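Beneath this line is the structure, given in structure tokens, with notes to follow.
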Protein chains: 2
Amino acid sequence: MSTKNKILDAAESLFANKGFNGTSLREITGQADVNLAAVNYHFGSKKELIKAVMSRYMNELSPRLEGALRQVCEIESPSLIDVFSAFIDPLLSLNKFKDNGTSNFLQLLGRGYTDSQGFLRWFLTTQYPGVIDNFVLAVQKSYPELSAEEMFWRLHFTMGTVVFTMSSSDALIAIAKSDFDRELQISDVIRNVIPYVAAGVGAPMPLKR
Amino acid sequence: MSTKNKILDAAESLFANKGFNGTSLREITGQADVNLAAVNYHFGSKKELIKAVMSRYMNELSPRLEGALRQVCEIESPSLIDVFSAFIDPLLSLNKFKDNGTSNFLQLLGRGYTDSQGFLRWFLTTQYPGVIDNFVLAVQKSYPELSAEEMFWRLHFTMGTVVFTMSSSDALIAIAKSDFDRELQISDVIRNVIPYVAAGVGAPMPLKR
DNA sequence: CGTTAGTTTAAACGCTTGTTTAAACTACTT
DNA sequence: AAGTAGTTTAAACAAGCGTTTAAACTAACG
């Protein structure tokens with residue numbers, strides 16, 4: 001395994017578990033069994049390393065996700081459950097791509113929205129706009145009465161639900177184990193959240209005041 | 001204004017905007033116009049300062065919130081909209097208690113769940129269990145078919161929606177202004193999120209697989 | 001074999017972090 | 001007026017941070 005990949009792997013799991021700010025380059029290179037200076041040699045800086053970790057996943061995920069969402073748009077009259085279920089397979093495919101891939105990626109996404117004052121949010125929305133566009137199209141097709149303004153709000157609420165849930169999914173899984181004696185996986189968390197966000201986005205249009 | 005309160009005020013706004021890890025004691029004491037050592041003298045450590053910032057809000061909020069939720073339980077058959085609407089007044093009352101209080105508090109709550117590996121979650125759930133208990137009771141009364149396990153998940157999803165939305169409420173309000181020419185307040189955001197979370201929590205129980 | 005480009009290494013850099021120290025200052029009591 | 005408890009202050013502390021340097025190593029090519 002190349003030094004570059006050893007760094008990426010170690011950085012990924014540490015970033016996911018402790019956040020970007022909370023993880024030092026010395027922890028990363030220590031876990032990767034690699035010299036400290038290797039990060040700056042191969043990636044230039046810590047910030048570029050963060051981007052590289054995210055890009056590795058996004059390049060794998062975004063074509064699959066766009067494809068799945070386009071497929072939903074071809075259904076006669078898709079439900080919102082259909083729309084959100086389109087995320088399942090692409091997300092779970094990250095587990096074949098890498099051990100704990102799905103979980104790590106979703107946690108990283110959550111970190112990216114709260115750590116680092118949103119520079120990662122900017123990076124993702126500008127580098128991978130196709131995902132969002134196809135998602136909006138799919139929601140419009142399954143709930144045409146939803147106004148653009150209401151859509152805007154509900155998609156942000158949904159983003160919040162998913163990102164927040166996934167960034168603390170480890171803790172949630174642990175609680176589910178101790179309180180309900182359930183051995184859950186990240187895939188169970190994904191399946192659990194779908195009815196919730198589908199119902200939220202599908203809520204009736206509120207009456208104008 | 002006492003040194004202690006100057007520190008609390010500065011820490012609160014910096015923590016809300018940059019996170020706990022992302023804010024140094026020197027930034028705090030600088031903004032508070034107070035000597036660096038004053039933090040350790042008055043609070044003992046940075047960790048204790050974080051707790052103190054949160055406690056100041058929780059002590060103000062939790063009795064009002066518990067009262068409002070208990071009132072909901074006395075309604076004949078409360079809707080989930082009733083339950084979540086019970087949060088509006090207590091949360092907005094934080095704005096009278098302190099400038100930007102509502103917004104700061106909700107952002108801090110979000111930080112507490114992602115920064116610092118969840119020690120703040122532990123702190124809040126153990127120190128202020130009454131809020132959660134009354135909230136669960138109210139939801140149970142308005143949706144008795146919801147199992148305890150499903151309730152656990154949906155309440156966490158709701159927490160995510162609210163916390164994430166509020167922590168980025170400034171950005172959302174700005175976008176609503178530029179895209180839809182709407183002049184919104186934090187109270188409008190709160191009212192906007194209520195139908196979403198009410199529908200999410202009220203989603204039909206999924207079929208067992 | 002010698003050269004060269006690419007990579008790894010140990011050490012140090014300058015800077016920031018949270019915390020501690022001991023002296024200075026303040027205000028109230030005896 | 002002297003003493004004392006509480007508070008504020010400047011300075012230093014040890015530790016950790018991201019980054020840089022220059023020397024050592026590796027492997028392939030002419």
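These figures come from a predicted structure and were not determined experimentally. In what follows, every chain begins at residue 1, and chains take the letters A, B, ... in the order their sequences are listed.
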Closest contact, heavy atoms only, B/Tyr196 versus A/Val201: CE1-N, 3.6 Å

C/dT16 OP1/OP2 closer than 4.0 Å to side-chain N/O of B/Ser24: no

B/Tyr41 side chain to B/Thr3 side chain, donor-acceptor N/O pair below 3.5 angstrom: no

Residues that A/Phe87 engages under ring-ring contact (aromatic ring centres under 6.0 Å, His included), provided they are two or more places apart: A/Phe135

Side chain to side chain contact (heavy atoms under 4.5 Å, CB included) involving A/Asp179 - partner list, sequence neighbours excluded: A/Ile175

Consecutive Watson-Crick or G-U pairs in runs of at least 3, all under 3.5 Å, in which DNA chain D is involved: C:3-6 with D:25-28, C:8-23 with D:8-23, C:25-30 with D:1-6

Footprint string (nucleotides 8-15 of chain C, 5' to 3'): B base within contact, S backbone only, - free, heavy atoms under 4.0 Å: BBB-B---

A/Phe164 ring center within less than 6.0 Å of B/Phe164 ring center: no

Between D/dT7 (P) and B/Ile7 (CD1): distance, integer Å: 12 Å

Neighbour count >12 (heavy atoms, 6.0 Å) for atom CD, B/Gln71: no

A/Lys18 NZ to D/dC17 P, straight-line distance once rounded to whole Å: 9 Å

A/Thr29: side chain to side chain contact (heavy atoms under 4.5 Å, CB included) partners, not counting sequence neighbours: A/Val34, A/Leu36, A/Val39

All pairs passing salt bridge (charged side-chain N to carboxylate O under 4.0 Å, His left out) where residues 154-168 of chain B contributes a residue, at least two apart: B/Glu150-B/Arg154

Sugar-phosphate only, base, or nothing, as touched by B/Thr23 at under 4.0 Å among non-hydrogen atoms: sugar-phosphate

